[in-house]
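Heavy-atom basis, side chains included; hydrogens, waters and symmetry copies ignored. Please read all numbers here as calculations on a predicted model, not as lab measurements. Both counts, for ligands and for their atoms, begin at 1 and track the order of listing. When a residue number appears, it is its place in the shown sequence, counting from 1.
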Amino acid sequence: MVLASAPGKCILFGEHAVVYGQPAVAVAIDARVRVIIEKSQSGWLIDGMQFDKQRHPHLDAMLKRMWINDGGHPLSIKIESDLFGAAGLGSSAAICSAVAAALLHSRGTPAEELPLPGIATTAHLAEAEAQGGRASPIDTSTSTLGGVVMVSDKKEGQANWQYTRDLRIDGVRRTWEVHSVDLPPSLSEASLVIGFSGRPGPTSQMVAKVATLLSNHPEKMEDIERIGNVTRAGATALSLGNLQAVGIAMNECHRLLQGLGVSDEDLDRMVDAALPSSLGAKLTGAGGGGCMIALTTEPRRTAEAIELVGGRTMVSRLGASGVCIENK
Ligand code: PMV
């Protein structure tokens, strides 16, 4: 039996702009997905039920790549998650990453020697396959590497370059440079409060909405570039441990995302409720539902304020550890 876990993620800066080549920064959160695999005598099982590929396309893609095509025997897989479901917190990426680690360990890779770039690559390819060819590597890289991850079309000076990921989407090759951002100890003074609106964030719908806006109002591309600049400033502030500047960058990012039409009343209400006790607050991910985040030194007060306006909350440090084997 192997137990592996991987963290969920929040996008700190750069959602939507990343679709147009700008950088984005994501943070691994303290809420994790845990995967237990063991040999099964009764065929393929997920949580004790027969494995349904349609219900678990990510898992299906992952198992084919790493196990079934190599003649692996049927497995019983159990999945537990601390994450809000369908909230844009990267749960499918965390499942892919944890399953990859568990499969490698069960075939003899020591827990301390998990090949993280390889896991992130396989998890990204599986996610893309399950999502009809479209997936940025930000979720899978963050849940694999942990900490804070910056993804961009080019190598960015603010962060430590780790590897290049590429993917053919609709016949066009897309390349991303994946970096990690070092966090100084002073950042541990602040927490992230995540507020969930209770409704899923419809990612492809919101991406299409921004595409329509940009084609009708090409001048809005300047806001996409501004988000890119705020993201770089935010990454620098993070690596310097300048919490005030991180908060200011988050607020600016939220204002720009509002201008792109991807926030909504619930997200704005939670952001406004969080602000008096926070260094900064913004929607995270696609918007139109899903979650917001607040950076705060008073997490309890901020969480209460968000709950008072109807949000469900979760508190996390900035930068949880990445994928790991739990039962070494
Ligand atoms: O809601 P999430 O975590 O899936 O984030 C979507 C981020 C976007 O920039 C809106 C889309 C993308 O593919 O990067």
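The shortest side-chain heavy-atom distance between Glu156 and Trp161 does not fall under the 4.5 Å cut-off.
Residue-ligand proximity, Lys9 to ligand 1, at heavy-atom distances under 4.0 Å covers atoms 3 (O). Listed by number with element, the atoms of ligand 1 under 4.0 Å from a non-hydrogen atom of Ile11 are 5 (O), 7 (C). Shown in contact with Glu15 at under 4.0 Å from a heavy atom are these atoms of ligand 1, numbered in order with element: 9 (O).
Checked by atom type, the side-chain pair Ser263/Asp268 shows a donor-acceptor distance below 3.5 Å.
In terms of polar-atom proximity, Ala286 is counted as a contact of ligand 1, with an N or O under 3.5 Å from an N or O of the ligand. In terms of polar-atom proximity, defined here as any N/O pair under 3.5 Å, Gly88 does make such a contact with ligand 1.
Summary of contacts: the protein heavy atom closest to atom 14 (O) of ligand 1 is Val18 CG1, 3.3 Å. With hydrogens left out, the protein atom closest to atom 12 (C) of ligand 1 is Val19 CG2, 3.9 Å, a heavy atom. Ranking protein heavy atoms by distance to atom 11 (C) of ligand 1, first place goes to Val207 CG2, 3.8 Å.
The proximity of Leu89 to ligand 1, defined as any non-hydrogen pair under 4.0 Å, does not occur for either the backbone or the side chain.
At least one heavy atom of His16 sits closer than 4.0 Å to an atom of ligand 1.
Between Lys282 and Met250 the shortest heavy-atom distance is CB-O, 3.5 Å. Closest non-hydrogen pair, Cys253 versus Phe13, comes out as SG-CA, 4.2 Å.
No side-chain donor-acceptor contact under 3.5 Å links His56 to the backbone of Asp60.
Classification of Glu252 and Arg226 as a salt-bridged pair fails, no side-chain N sitting under 4.0 Å from a carboxylate O. A salt bridge does not link Glu225 to Lys220: none of the charged side-chain nitrogens sits closer than 4.0 Å to a carboxylate oxygen.
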